[in-house]
Every structure is written in C-alpha cells, then in structure tokens.
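Here is the structure we will look at, set down as structure tokens.
In what follows, every chain begins at residue 1, and chains take the letters A, B, ... in the order their sequences are listed. Every heavy atom of this structure was used, including side-chain atoms; hydrogens, water molecules and symmetry mates were not.
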4 protein chains.
Amino acid sequence: MKMAKRPPGRPAKSGRREEILRAAAQAFSVGGIAGTTMGAIARQAGTAEGTLYLHFDSKDALVEAVIAGLYDDVFPDIMKLANADSPASARLLSMAERHLRIYADDPPFARLLLQHMRAIPDYRSSNLHARNQRYAAVFLGVLKQGVASGEMRADLVPRVARDALLGALDYRMWLASVTGRPISPEGDARALMDLLLGGLVAGASAAGRPGSARARASSGSEAPGETRPRRSRGGPA
Amino acid sequence: MKMAKRPPGRPAKSGRREEILRAAAQAFSVGGIAGTTMGAIARQAGTAEGTLYLHFDSKDALVEAVIAGLYDDVFPDIMKLANADSPASARLLSMAERHLRIYADDPPFARLLLQHMRAIPDYRSSNLHARNQRYAAVFLGVLKQGVASGEMRADLVPRVARDALLGALDYRMWLASVTGRPISPEGDARALMDLLLGGLVAGASAAGRPGSARARASSGSEAPGETRPRRSRGGPA
Amino acid sequence: MKMAKRPPGRPAKSGRREEILRAAAQAFSVGGIAGTTMGAIARQAGTAEGTLYLHFDSKDALVEAVIAGLYDDVFPDIMKLANADSPASARLLSMAERHLRIYADDPPFARLLLQHMRAIPDYRSSNLHARNQRYAAVFLGVLKQGVASGEMRADLVPRVARDALLGALDYRMWLASVTGRPISPEGDARALMDLLLGGLVAGASAAGRPGSARARASSGSEAPGETRPRRSRGGPA
Amino acid sequence: MKMAKRPPGRPAKSGRREEILRAAAQAFSVGGIAGTTMGAIARQAGTAEGTLYLHFDSKDALVEAVIAGLYDDVFPDIMKLANADSPASARLLSMAERHLRIYADDPPFARLLLQHMRAIPDYRSSNLHARNQRYAAVFLGVLKQGVASGEMRADLVPRVARDALLGALDYRMWLASVTGRPISPEGDARALMDLLLGGLVAGASAAGRPGSARARASSGSEAPGETRPRRSRGGPA
DNA sequence: CATGAATGAGTCTTCATTCAT
DNA sequence: TATGAATGAAGACTCATTCAT
C-alpha cells in the first residue's frame, strides 16, 4: 500500500535499490520466498537489514517489486511483438517465444515467478494481478485481431484460446523447472503453436498446415495491410 | 463436552482422520498453506491440536495427505474414462470434463491443489510428483492411441499436446480460483477441446467441427464448419 | 504424595506392577529419564498408557519407585555386610565391593541412578533422600565402630571418611559409565580401600600395608574373635 | 523503555552476553536446567527471548557456555597452584581448597555444575568432557610427582588417588548443595586431605599428622605413624 | 541515509495425564 | 482393572520489523 516513495521524477535507480532488488531476486530464486530471510537478502546485497526497510516497506513489498520488475522487462517486448506487422499467428509465435525466454534466461528466477504467482493469498487485489491481466490482454488482442481479419476461425473464442496458450506456456515452464529439462524458446514455442494452430484432429487444419506456424509462420510477409484486417471478417459471408 | 458423544457402537475410527482432512483442506484453501496454523486446523476440525499429530506426523504430512486424497479420488475416474470405448477425442473431452470438475466440486480444495503443487521445495522427490506423473501419463496414452488409430494427426507430438491440454486445464482452474468466475466442466471442457481439436487457424479443422466439440467426435464431415473458411488469407490464398 | 495404593498387607507384587517397574527401568536406562515417554514404557511393558496410571500416580512416582527398588535390593546386602563379624576395614571393603556391583550388574541402570540422583529438583524432600541417608548411615556406623575399636585412627572424623568413601565410589562408577571402562567390583574396591586405609603419604600407614585391604582384607580367616579386636590396638605398643 | 539507557559511549558489546550468562546460571541453579525456560532466562536477564539467540545458538549452547565459563575461571587457578613450589601434598591441599571454593563462592552455580555434569546425554563427546579431563589431569600430575619424589607411597596408583580425591570433593559439594550445610573450603579441604594423606588405619599416617593436613607435608618421617602398627595381626604374626 | 542489536509475537511439536468405554 | 484416543499446556526457536546511534 505504501511503497517506499521513490522521488517521482527520478530515474528509478537509486543504485542501492537496484542492488537490493537484484540480491533479493537471486536469494529468492535459490531458497524460495518463504525460505529467504530479510537477513539473507541484506547479506547478499551487502547492506544492513535496516537498510532494506529504507527502500521497501516490507518483505512483501520487496517481493512484489522483484516480480513486478520482471513484468516491466518483458511487457515492452511482448507489446512490441504484438504490434508487429505480421499475421496474428506469426505474432503469437514470437510472443510465445519471448514468454518462454523468461525461463530460458533465468530458470531460478522463473521458477520463483511460477511459484509465487499462485501463492499470493489475495492475488486478486495484488498489483501483480493487474500486471498479469494487462499482459494477458495483449495476447487476447492479437487473437481477436486474428479472428477479425479472418485469419483465424470465426467461431474461435479468443479468451479460451488465450487461456490455452498462456496455460500451456506456463505449464511448459513449470515442467522445465521441475524436471530440469531445458527449454528451447524457439523450438518449444513453435511446437506449441503448431499444435494450437492446426489442432489435434487428422485431416483437419489442412489450411493451418502449409508451413503452419513453421518457419516464420504462415508464408511470410504479405502486404502489411493484409496484416491487420481489422474487420474484413466477412470472407464469403 | 466438546464433541457430540459418539454413538457407542461406532468404530471410533477413520471418522476423525477424515474430519481432519476435510478441515485442513478447508482451512488451507482459505488462508493458504503457510497461512494456516495447526491450531486453526484443529479448531476447524473441532479437536485439540495434539490430536492432529495422532493422525499425521507433521504439518507437511497432513498437507500431502490432503492433496494425495484428491488424486486418489480423481485418478480412478480418469482411468475409466481413458479406457472407454470411444474415439480418443471423445475420451479426452470427458477426461477434461472430469478434471475441471475437481474445481467445480470443491473450489477451495482445488485452489489448494493449484497453489501447493508449485510450492513444494523438492517437488521432484515428493510422492506428489509420482502421482502427478501417473496422472499425466494417462492423458499421454490416449493421445498416442489417437495418433496410432489415425484419428489424430500423424505428425502430432503427444507430449506437447498433453502439456498443452493439462496446462490449459490448470490455467483455467487457476483463473477461476483467482477471479471467482465459476467453471462449467462441460462447457469449458468442450470449448477447450474444440479449440485444441480444430486448431486456431481458419479453414483448418474441418473435421473438428461436427457438432462442436465433436462430442462423439469424428462423427463425420458434414463440415458446416468448413463453411466459414474465414478469409483463408493463409496459404497460397 | 499420593502413591498408587497397594493393598497394605499384600505381597507388593501385583505382577503387573513389577512388569511396569522392570519395563521402566529398562527403558530409562536406555534413553534416560527425560528421554523416555510414558508411551514408550507402556509399550515396553505391553500395557496401555492408561494402565500405568493405575499403578503409579505420575511419571515422577514411577521414577522414584524404580530407583527405590534399587535401594531395596542393595540395602539388605549392605546391612548384612556391615554387621559381619570382621574388622571394620574388612567390612568396608566388602561394602564397597557390593556398592560397585550396582554398576557391574547393570551399567545402564546404574548410570540412570547416577544421573537422576543429582537431577531431582527438590531432592531433600524426596523419599530418595531418606533412603540415601539411611544407606550412608550404615557406612558411617561401621567407621565409627572402627574408631571406637581402635582399629582406626582416633582422630578420624567418621563423616569425612564416609563422604570420601561414598564420593570416591560414586565417582568411580560415573567414570565407568562415561568412559565405558568396565568396573571390577573386587579389584576396584580393594584399590580404593588400600588407598583410603593406608593414605597417600610414604612411610605412613605401614601397618595398613601388611596385606592391607588386600585379599579378603587383613590376611585371611583368623579366629572370628580376632576379627573385631574392638580395641586391642596395642600390638607391640 | 525496558533497559536503562546505555551510556552512549559504551561498547554495547559483551555486556549483554555476560548478563545473559549470569542470568542463565542464576535461573538454572534455581530451577534446574530442564526446569528453566528460555523465557525465564530472558526475563531474568531483562531482555527479549529472541535476544538470547543472538548470543547463543540454542539452549544447549547456552548451558555449555555457562558451565564452560566456570572451568575457565577455575582452571588457571588450579594450574597455578599445581605448579607451586611446595610438596605435592601441600599443593593438593590448596587445589582441593580452590575446588571447594567453587561451591563456597556461588552455591547455586556450583549446584548447576554438579547436576549438569551427569545429565549430558553424550557427555563423552561434549566439550565439557575435554575440559574435565584436562582438569583432572592436573591433579593426576601432581600425584605422580608426589610418587616420583618419594613423598608419596611408591605403590600408590595415582589414578585411583585422583579419582578418590575428586570424587570426595564432588560428593562433599553435592551434599552441601543438597543439605544446605555450608562448606568451608579450608576446613573441609584440610579434613579431607588429612584423611587421604594419612589413611584410615590407626597407627598409619604418622607422618600425616605433623600440624595436621601436614600443611607443609612430608615434613619428615618421624614416623609416629609407624608407632601404632595397630594390631599388626597381619604379617608373619 | 545506514546500521544491526533488540524485539516479541507466532509456529510447530511433544507428552504427561485423563476419561469414556 | 484395562484401554488408548484425546487433550492442551508448554517450550524452543524464527524472523520481519523497529529504532537509537
């Protein structure tokens, strides 16, 4: 509620604050959140325990800040990819890839995220929920565009698709963190998108197949205009 | 004084244990595992704290028992559905339904499961991991059968499909637990399976449509779905 | 205070009671008093926990009874030896021997005794204190007789001698229990009595030497009358 | 609020630790070790319970520190007395005196020592055992010197003598702590040494008499002791 | 801004004792 | 008498948080 006030205009990098954030992320990813004491974080950061409270109001605030930091790293990337000038399917592929890279880049940290997300007592009111929704909304937007443009099935329920995609992505990362089996952002994202785009049923998704999500997704670089058909959903209609 | 006198003839047996299990699940799901004290569980169960330790060696053991109980409830059902005499897709649908019913039947309990699964320090060596793998293997088996029988795409990677399915299912439940939005096992399972079977891409999954969710699956190919190829902007277009 | 009432006239061997006593002694000597739970004792005795309380009012009472039992075993022996028809020194030797046999006979049990004796919060008011005093008094008596008969130094302070003897005996046993070095009741008693009778100083106690406490004390089996010269301290004098 | 404000310049250091040590010794000696809770110690020390753990890892560690502190106080003294330039018997006397002063100086503290010594589960591996052995070794050394120099009986078994001495000393203190009868370090040490040096047997220890406790000991061998061969009933008789 | 000793509420767990059967 | 499930009062220890310097 009351976050350590950072001078409104300031670049948000008191140096110390960043150090602590880094140290906390590091410590959390090693021992889990509950298993990490403020003392351990302070030691890791090379400061005194009291100093932690000069920058964060509580351990919870620190945890939130650490995780929020991740979103702030990833969100801009996802945003950019979502607005790229390519078919929805291609954009989703790249977004999935970026998402999986969260894990590939820093497995321990990702594990932390995976665990914490579901452990927050009142997640709904946490500001993490907000960030997460914002994040998920981007995926939803792309899916809607895909439908609107006719690229995707008209009877597709975007929300269902979004949940399936994000759920599968999360699950894949969790599996990786649990089994130790490494993730290949490109490979895994492509495999998943192939599945999702084309479906399970044989003979189906003939259309989805020609190159499928494969390669840089459906064919390649048609007219940018074609990309976001906005509405053109008509088709034969 | 505390408990209603137990009918003289009653075995005085498992009753307690079940009561505690129930109370614990209830308490955990409200306040989270870490946020629930043994005292609270005892109070909820109407027993003394010490009694808890008569039935479970430790808090951790209690937690495990609570969760293991769930698997033991669900597993036989899933097993039966997996061996039913129907197309793989139909079986998967029913399995997904059953899975979602975990949540529908007892949301707090399900939330507990969702939370805990990712919170175990050394999940890999926990006996929960084993149960979970056994569970996931059943889904994998059905998918492989689907491929073998030609019902599903020959180039399908069963493991990817299984992860997508379970991940989507989990995510759906988690969203429900977080947003409070209720789950309709049938509706949601069908929506998800429609998506997964037919894929995202327009024109694809012609076969996947017949009657939606192809409840009876691969029933045929009247292909009303094919009707709306969308804009077919993909392929050669 | 309120000991389980044993029918006043009864032989004191309800069978069950003895079993419990035995089981408790056994358990205590293995795990120490504090480290032994009533549950463990019950198991060892083959009864239910509640049954323990039918025979003893509390754990403390049980402990006391166990230890008192030892005194009741040893006391008669000591008493008899103290009243034997032989010189005080010979009698002390045999008493010391018997005392050390407490350890030799059952080391774990003796260790228990050694430990417990000093651990009782209000030893003074415990009935163990009384027994112990009665026990020590026997040694004191023999020493006094030794002085009175002229066998021992007239300026000997019996109480000091008694404390030295019992202290040395206790210490020897404790050392044995701590180092594991076994005790030889005869050998060790003799060594100690040799020391005590003759003293440390060279040239001193020449008289104490000729066979000293050695063998069955002073030479052998002279006329019983000779045994307790009472005073005859003259000699060449 | 709780503590008198500490003078600004004070090291704020070891003070606390010592206070705790003192409080713990005090509390232990009143209620016994097991009977004293960390809370009680904290209260006694005027600190919070948590503070105890800032200075000691556990209750056991605190107990050990308390007792080790005693040894560290006494050992140097004993060492110095053992190396004094006087007959072995005189040195033993002063050492015995110092030893008894442990009790005289702080009865409750001494009682604690007496009790605890025998209560440690695995005393042998405790570092108290090491200290105790070092301590006992000093006595042994002096005795050996006594024998070597001819001051003491050539057939003396030093180890037996040492055990008798320390055992008697311990016992004396224990009796004092149990009966409340005060100890006079000088008087009691002398009485005990008189006994030990001269032996029990009449006529013996003539040498042991000269000034009692043969303060200066081995003053000579006027051997009045030899004078009272008692009944010399031994030998060829 | 920094420090770190001090705080003390809160946790899990144990176990002697009771009592309904 | 016997049983053993239930009790609940303690106790040792942890750790986020504060505050005097």
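Checking A:Ala34 against B:Gly50, the closest nucleotide of DNA chain F that is more toward the 5' end is the one next to B:Gly50. Of the two residues contacting DNA chain E, namely B:Asp60 and C:Met38, the nearest-nucleotide position lying further toward the 5' end is that of B:Asp60. The residue among B:Thr37 and D:Glu49 whose nearest nucleotide of DNA chain E is located toward the 5' end is D:Glu49.
Distance from the side chain of B:Leu54 is smallest to F:dA5 among E:dT7, F:dT18, F:dA5. Here E:dT14 is the nucleotide among E:dT3, F:dT14, E:dT14 with the atom lying nearest to any side-chain atom of B:Tyr53. Listed nucleotides E:dG4, F:dC13, E:dT14 differ in distance to D:Lys59; the shortest reach to its side chain belongs to F:dC13.
Open room surrounds CG on B:Asp57; 12 or fewer heavy atoms of other groups in view lie less than 6.0 Å from it.
Side-chain contact between A:Leu128 and A:His116: present, with at least one pair of heavy atoms (C-beta onward) separated by less than 4.5 Å.
Base pairing analysis places E:dT17 opposite F:dA6; the two distances defining the Watson-Crick or G-U wobble pair are each below 3.5 Å. Nucleotide F:dA12 forms a pair with E:dT11, judged by Watson-Crick or G-U wobble geometry with both contacts under 3.5 Å.
Using a 4.0 Å cut-off, some side-chain N or O of A:His55 falls inside it from OP1 or OP2 of E:dA2. Residue B:Thr47 places none of its side-chain N or O atoms closer than 4.0 Å to OP1 or OP2 of F:dA6. Taking only side-chain nitrogens and oxygens, D:Arg16 never comes nearer than 4.0 Å to OP1 or OP2 of E:dA5.
Between D:Ile33 atom CD1 and F:dG11 atom P the separation is 16 Å, expressed in whole Å. At whole-Å resolution of the value, CD1 in D:Ile41 and C1' in F:dG11 are 12 Å apart. To the nearest angstrom, P of F:dA12 lies 16 Å from CG of D:Asp57. When the C1' atom of E:dT18 is taken as reference, atom CG of C:Leu52 falls 13 Å away, rounded to whole Å. To the nearest angstrom, P of F:dG11 lies 16 Å from CG of D:Leu62. Taking atom CZ on A:Arg17 and atom C1' on E:dA2, their separation rounds to 17 Å, with Å as the unit. One can place CZ of C:Phe28 at 9 Å from P of E:dA16, the figure rounded to the nearest angstrom. The nearest whole Å value for the distance from the CD atom in C:Glu19 to the P atom in F:dT1 is 14 Å.
Note on A:Arg22 versus A:Glu19: no salt bridge recorded, every NZ/NE/NH1/NH2 to OD/OE distance being 4.0 Å or above.
Nearest heavy atoms, B:Phe109 versus B:Val66: CZ-O, 3.4 Å.
B:Thr36 places a side-chain N or O within donor-acceptor distance of the main-chain N or O of B:Ala27, the cut-off being under 3.5 Å.
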